[in-house]
Amino acid sequence: MLLVQRVVLNSRPGTDGEPVPGHFCVEEAIVGPFLKEGQVLVRTLFLSVDPYMRCRMNEDTGAEYLAPWGLSACVDGGGVGVVELSRCDSLSVDDVVTSFNWHWQTQCLMDEKLLQKVEPQLVDGHISYFLGAVGMPGLTALLGVREKGHVTEGANQTMVVSGAAGACGSIAGQIGRVEGCTRVVGICGSDEKCRVLVEDLGFSAAVNYRQGDVATALKESCPNGVDVYFDNVGGSISDAVIAQMNNDGHVILCGQISQYNKDVPYPPPLCDETQEALQSKNISRERFMVLNYMEKHEAGIIQLSQWVKEGQIKVLETVVNGIENMGVAFCSMMKGGNIGKQVIKISD
């Protein structure tokens, strides 16, 4: 039997509440003693915190594909680790594996059907990338741009990305540039993030929504209007972007993090002015769900890996150490405290 540490949901913030670290607590639990056929024991290397998890803190997630976390139950999400014991044919000791249903534990017993084997050479040994640029956020960025963005090389298009310094937005903007957008503008929440987007990631310009008027700054940064909008944020920021979109533009509705602490449906309703702009300019605004494109994930991972290795896409991470800091890392991410992907390192 193994004594492990795990994170449980201690209380719910309520549909209109802001999450705080106290909603989570760390406790000890016993794992084992025996593996069943088809199970493995994994040691957790890295865990992920993501905006969608705020919905799972509610009794009703508002999404049919998302189950709520149970009170006093171990929290789960994206994780990556290494197999320590195996009773299945498909996975061997020392294999690196990942899952969307990884318990926030230092070690876990898991069924092989929940795990996907990954090859460390795809990320040059940067295992945490499987939770970010070469994982679900990267796939969301890649397939969102390709399936809903209608980016056409040589068409002189301008793309705007909100939440541009986050796990998905930072990759989406770079993909827009690689795929042919002439101009890529990011919206984020600090001057330092703006600097990183432009100097490190190759964005054409960046707007700090906490400083000055977003609409005015967008006009200066997008002199030819906006053709593609990768929307991670929603709310007033998205209203400002959509107001400046060109005819026949495309909104990739990826996330609405500004609305996740509010008791509103997903996607949240638009104001009349924004709705009118969409209709009068024939702008498409389609909800994007990466889980609807499972058949394209394998090829997408290979493409993302290639771009990262070639340096066409640069990876940003904010790493916090220790399972005891999961709640702190989650709440910081929800307030924009991260640059790039927020991950928590659990073990070596």
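In this chain, numbering begins with 1 at the start of the sequence shown. Both backbone and side-chain heavy atoms feed into the values below; hydrogens, waters and symmetry mates do not.
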Pairwise side-chain contact, [X] with [Y], heavy-atom cut-off 4.5 Å (strictly under):
X	Y	value
L139	I301	yes
V251	M245	yes
S128	L131	no
K117	L91	yes
I187	V233	no
I346	W104	no
L270	L278	yes
N58	R54	yes

Return each pair, listed once, that meets salt bridge (Lys or Arg N to Asp or Glu O under 4.0 Å) where at least one residue sits in [range]; pairs must be two or more places apart or across chains.
range	result
residues 21-43	R6-E27, E37-R87, R43-E84
residues 164-184	R146-E179
residues 301-320	none
residues 327-340	E18-K335

Exercise. Please name the pair of heavy atoms, one in N232 and one in C254, separated by the smallest distance, quoted to 0.1 Å.
Key: OD1-SG, 3.5 Å
Quiz prompt | Heavy-atom pair of closest approach, residues A240 and V214 | solution = CB-CG1, 4.2 Å
Quiz item: Does the side chain of E112 come under 3.5 Å of the side chain of S90 through a donor N or O and an acceptor N or O?
Solution: yes
Quiz item: Quick one: do the D231 and Q256 side chains pair a donor with an acceptor below 3.5 Å?
Solution: yes
Practice problem: Kindly say whether V328 contributes a backbone atom to a donor-acceptor pair with the side chain of S332 at under 3.5 angstrom? | Solution: no
List for me each residue that meets side-chain hydrogen bond (donor to acceptor under 3.5 Å, both in side chains) alongside [X], sequence neighbours excluded, and say none if there are none.
X	result
S72	none
D50	S48, K341
D348	K345

When you group the ILVMFWY residues by side-chain heavy-atom contacts below 4.5 Å and let the links chain together, are [Y] and [X] in the same group?
X	Y	answer
L85	I30	no
I313	I302	no
V7	F100	yes
L109	W102	no

Apply salt bridge (Lys or Arg N to Asp or Glu O under 4.0 Å) to [X] and list each qualifying residue two or more places apart in sequence or on a separate chain.
X	value
E286	K148
R195	E192, E199
R285	none
E298	none

Self-check item: Pairing residues for N246 by the side-chain contact (heavy atoms from CB on, under 4.5 Å) criterion, not counting sequence neighbours
Solution: D227
Practice problem: Check the surroundings of atom CZ in F34: do more than 12 heavy atoms from other residues, nucleotides or ligands lie under 6.0 Å from it? | Solution: no
Quiz item: Does atom CG of D89 have more than 12 heavy-atom neighbours from other groups under 6.0 Å away?
Solution: no
Quiz item: Is there a side chain to side chain donor-acceptor pair (under 3.5 Å) between D76 and W69 once you walk through the steps?
Solution: CA-CA 8 Å; D76 70 313; W69 287 329; 3.2 Å; yes
Exercise. Decide ring pair (Phe, Tyr, Trp, His ring centres under 6.0 Å) for Y293 and F288; before the verdict, give the C-alpha distance in whole Å, the side-chain angles of both, and the deciding distance to 0.1 Å.
Key: CA-CA 10 Å; Y293 299 90; F288 173 76; 5.4 Å; yes
Quiz item: Got a second to check how far Y229's OH is from I242's CD1, nearest 0.5 Å?
Solution: 6.5 Å
